[in-house]
Each structure stands twice: as structure tokens, then as C-alpha cells.
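What follows is a set of notes on a single structure, which appears directly below.
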Amino acid sequence: MQKRKQIYEGKAKILYETDSPDHLIQYFKDDATAFNAAKKGTIVDKGVMNNKISSRIFQFLEKEGIPTHFEKQLSDREMLVKRVSIVPLEVIVRNVAAGSLCKLLGIAEGRRLACSTLEFCFKEDKLNDPMINEYHIRALELASDADIETIKRYTFKINELMKGFFKALNIDLVDFKLEFGRFKGQIILADEISPDTCRLWEVGTGAKLDKDRFRRDLGNIEEAYQEVLARVSR
Ligand code: UDP
């Protein structure tokens with residue numbers, strides 16, 4: 001598949017057109033940002049690790065019946081994906097309290113939630129991706145009721161699948177963020193799933209194997225991503 005014009009550059013990825021109108025190449029960069037890009041840095045070979053981790057997880061989810069934009073891994077940093085129109089929502093699922101939920105509700109990090117939660121955030125950098133509810137989604141026509149239902153159904157199914165997937169690797173899936181897109185009228189999972197977009201805690205030690213190492217300057221960032229890659233590649 002020939003790489004053509006660059007159509008988008010985000011914080012962690014670049015999208016290129018290809019010679020197929022239905023496909024894009026998603027290129028993973030080493031750039032790391034946190035706190036809505038207030039903190040910037042580089043994680044050596046993050047792009048390579050996230051491309052491989054994401055490819056592995058998308059393959060697993062596809063096999064389990066979740067439609068995704070993943071077609072194939074093309075190279076160390078490149079993934080061939082279906083060209084979707086992104087639904088401007090970040091869908092966040094939590095199993096254990098961490099990050100912004102602790103601030104929002106004044107609860108301790110690490111508290112296991114009595115049930116998994118789902119939050120919608122409006123993908124709008126200049127507003128800091130504010131949390132919104134389904135009424136806002138309808139009012140702004142970000143997605144139809146049917147799309148919202150599909151997104152929620154896929155999201156909870158993905159949570160169950162990923163919890164099991166990571167548990168088998170001795171990793172606790174604390175929380176994660178998903179993005180969906182529309183492809184030929186269907187809602188499918190898009191973007192990436194990686195230590196940039198998930199909180200992953202090692203069972204037993206509680207070691208953080210995700211971007212919190214960067215956010216909080218905990219050190220050994222590359223090693224943590226490498227450890228996740230090694231485990232998902234088993
Ligand atoms: N997350 C993400 N992109 C965002 C915001 C959050 O991938 O723009 C992920 C984050 O890595 C974590 C989960 O979503 O796994 C929940 O994040 P939280 O709301 O706690 O955000 P924080 O304020 O900690 O970034």
C-alpha cells in the first residue's frame with residue numbers, strides 16, 4: 001500500500017492517505033504529551049511499542065467479534081487502518097479509581113469500583129476535552145441515539161475482553177480510553193489501545209506499566225512499555 005499525502009498530525013500519531021480511498025496509514029511517533037500537552041517529552045521507541053501493542057490488542061478484539069479499523073501492521077511504526085470519520089468523543093472506562101476520577105469524586109487512587117463506569121468526553125483540545133453526558137451528545141448532534149447505544153455496548157464488551165486479556169498477563173486493567181469512527185455507515189473501534197491510553201498495574205506489585213510513569217516522572221518509562229509489549233506478545 002503506497003503512502004501518499006499526510007492528512008493529519010496529532011500528539012502521538014500521523015495519518016497518511018494511501019492509494020486506497022478506504023484506507024489510511026497510521027504512523028506512531030515517540031512524542032509524549034500529558035495534561036493536554038502542557039507537558040511534552042519523548043519516550044524512546046514508544047511509537048514502535050505502541051504500534052505493536054495496539055496491533056496485538058486490535059487483532060484480539062477482532063477475533064472476539066469487535067469491529068475495528070485495524071487491517072494490518074505494515075512496519076515497526078505503521079499500521080494500515082480503515083478510513084473512518086471519527087466520532088468526536090473520548091469514551092473512558094474505569095474499573096479502579098485513578099487520575100481525574102479521584103479528583104472529581106475525592107476518592108483514593110486504587111479503590112476498586114463497585115461497577116465499571118463509562119464517561120464521555122467531548123474531543124475538543126481547546127476546551128480540555130470536557131466530560132459531557134448523552135443529552136449533550138444529542139444536543140450537539142455528535143452521535144445518534146443508535147450510535148450511542150452501539151458505542152456503549154461495544155465499550156463494555158471491550159472492557160470485559162480486555163480485563164481478561166490483561167489478567168492472563170498478570171496485569172490489572174485500571175482504566176482506558178477508546179475512540180470510535182464511522183465506516184460505511186457502521187460504528188467501529190478506531191485510534192489506538194496502548195499504555196498511552198490505558199492504566200495498567202502489575203498484579204501483586206502494583207507497578208504502573210503505563211503513561212503515568214511519564215505524567216508523574218516515575219522513571220523507567222521505556223522499560224514499562226517494553227514489559228507490556230513483551231507480555232502481549234506471548
Ligand atoms: N486518556 C487518554 N487520553 C485522554 C484522556 C485520558 O488516553 O485525552 C486515558 C488515560 O490514559 C487513562 C484513562 O483515559 O487511562 C482515564 O484518564 P483520566 O480521565 O483519569 O485522565 P488523566 O487526567 O489522568 O489524564
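As the structure lists them, so they are numbered: ligands from 1, and atoms in each ligand from 1.
A donor-acceptor pair is defined here as one N or O able to donate and one able to accept, closer than 3.5 Å; such a pair exists between the side chain of His69 and the backbone of Asp191. Not a single donor-acceptor pair under 3.5 Å links the side chain of Arg94 to the backbone N or O of Thr117.
Between His136 and Phe120, the gap from one ring centroid to the other reaches at least 6.0 Å.
Salt-bridge annotation for Asp172 and Arg112: present, with a side-chain N of the basic residue lying under 4.0 Å from a carboxylate O of the acidic one.
With sequence neighbours excluded, the residues that form a ring-ring contact (aromatic ring centres under 6.0 Å, His included) with Phe60 are Phe165.
Every protein residue with a heavy atom nearer than 4.0 Å to ligand 1 is included here: Glu90, Ile92, Arg94, Ala98, Gly99, Ser100, Asp129, Asp175, Phe176, Lys177, Asp196, Thr197, Cys198, Arg199, Arg215.
With Tyr27 as the aromatic partner, Lys13 does not meet the cation-pi criteria of under 6.0 angstrom to the ring centre and within 45 degrees of the ring axis.
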